[in-house]
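For reference, the structure discussed in these notes is given below.
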Amino acid sequence: IGSTGGFTFGTAEAPTAFWDIVSGQLPPGTYQLRRYLKDGSSDTIVESGSFAPGGIVADGADILFGLRGTPSAVYRIPASGPKVLAFSTTKTPQRMLKSGTDLYWITTAGEIVRAKTDGSQETVVATGQTGNLQHFTATSTNLYWVLVISNVFHLRTLPLSGGAPSDADTVSSPTIL
């Protein structure tokens with residue numbers, strides 16, 4: 001899994017396949033959604049288009065992926081069928097993750113948004129997360145993300161139960177092994 005030209009905006013693992021969504025190198029503002037069957041029998045571009053990608057997550061055997069546009073949208077690809085609109089949002093997704101029944105995404109404006117996977121109960125849970133976002137993940141209790149600001153790497157955290165984001169750690173000029 002990885003880009004053959006462009007930038008990978010996320011990967012997801014479903015029961016039978018790995019998925020990724022990448023931005024197109026040329027022209028900018030395009031995407032490809034790709035599926036890699038775990039048995040190795042095929043790698044397929046499932047979808048491509050003229051919107052910037054906004055993340056991808058697995059929801060059981062289904063895939064949810066975001067596209068940035070006006071408005072932005074989250075789509076579902078059921079295991080047994082074609083793409084369907086899950087919901088539209090004015091909160092433009094950049095990175096996505098799923099924790100329990102909630103979908104989280106970081107917007108291009110530096111907000112963290114939480115909603116159900118059908119788009120209901122959409123709410124901003126944090127603001128001010130501007131910088132170069134590197135990763136986005138969750139445990140059973142907290143969200144975590146890496147934000148790079150002026151070459152300082154901030155490991156940020158936010159309790160799933162609510163509260164304010166905080167730095168769990170900061171590192172200047174990390175060594176990459």
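Because the structure is a prediction, the values reported are computed rather than measured. We number each residue from 1, following the sequence as shown.
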Mind checking the CZ-CG spacing from Arg34 to Asp20? Nearest 0.5 Å is all I need. 4.0 Å

Any non-hydrogen side-chain atom of Leu160 less than 4.5 Å from a side-chain atom of Asp102? no

Please round to the nearest 0.5 Å and tell me the distance separating atom CG of Leu147 and atom CG of Asn132. 8.0 Å

Quick check on side-chain contact (heavy atoms from CB on, under 4.5 Å): which of Leu67, Leu64, Ile63, Leu33 does Tyr75 satisfy it with? Leu67

From Leu143 atom CG to Thr157 atom OG1, the distance as rounded to the nearest 0.5 Å: 7.0 Å

Could you grab the distance from atom CD1 of Ile21 to atom OG of Ser48, nearest 0.5 Å is fine? 10.5 Å

If Ile, Leu, Val, Met, Phe, Trp and Tyr residues are connected whenever their side-chain heavy atoms lie under 4.5 Å apart, and connections chain through other members, are Ile106 and Met96 in the same group? no

Grab the two heavy atoms, one from Ala138 and one from Leu97, that are nearest each other, plus how far apart they are. CB-CD1, 3.8 Å

Please determine whether residues Val74 and Tyr31 belong to a single hydrophobic cluster, defined as Ile, Leu, Val, Met, Phe, Trp and Tyr linked transitively by side-chain heavy-atom distances below 4.5 Å. no

Reported CD-to-OG distance for the pair Glu122 and Ser88, which is rounded to 0.5 angstrom: 10.0 Å

Applying a strict under-4.5 Å side-chain criterion to I, L, V, M, F, W and Y, I'd like to know whether Ile149 and Ile112 cluster together. yes

Would you call Lys38 and Phe18 a side-chain contact if the rule is heavy atoms closer than 4.5 Å? yes

Sorted by chain and number, sequence neighbours left out, salt bridge (charged side-chain N to carboxylate O under 4.0 Å, His left out) with Asp62 holds for Arg76

Which word best sums up how the rings of Phe136 and Trp145 line up, parallel for under 30°, tilted for 30 to 60°, or perpendicular for over 60°? perpendicular

Indicate if Val125 and Val113 have the same hydrophobic cluster label, given that clusters are the connected sets of ILVMFWY residues with side-chain heavy-atom separations under 4.5 angstrom. no

Whether Trp19 side chain and Ala58 backbone form a donor-acceptor pair below 3.5 Å: no

Quick one: do Asp167 and Arg156 satisfy salt bridge (charged side-chain N to carboxylate O under 4.0 Å, His left out)? Show the steps, please. CA-CA 5 Å; Asp167 280 348; Arg156 305 282 291 159; 2.8 Å; yes

Would you mind reporting whether Phe87 and Lys116 have side-chain heavy atoms less than 4.5 Å apart? no

Is there side-chain contact between Thr107 and Val124, with at least one heavy-atom pair below 4.5 Å? no

Heavy atoms of Pro93 and Trp105 approach each other most closely as CA-CD1, 3.4 Å

Hey, any chance Leu103 and Val84 share a hydrophobic cluster, counting ILVMFWY side chains that come within less than 4.5 Å of each other, even indirectly? no

Taking it one step at a time, do Ile56 and Phe9 satisfy side-chain contact (heavy atoms from CB on, under 4.5 Å)? CA-CA 8 Å; Ile56 186 170; Phe9 272 81; over 6 Å; no

Spatial distance of atom OG1 (Thr101) from atom CG (Asp59) [nearest 0.5 Å]: 9.5 Å

Can any side-chain N or O of Gln129 pair as donor or acceptor with the backbone N or O of Thr127 at less than 3.5 Å? yes

Phe51 atom CZ, neighbour heavy-atom count above 12 within 6.0 Å: no

Residue Ile45 excluded, over 12 heavy atoms near CD1 under 6.0 Å: no

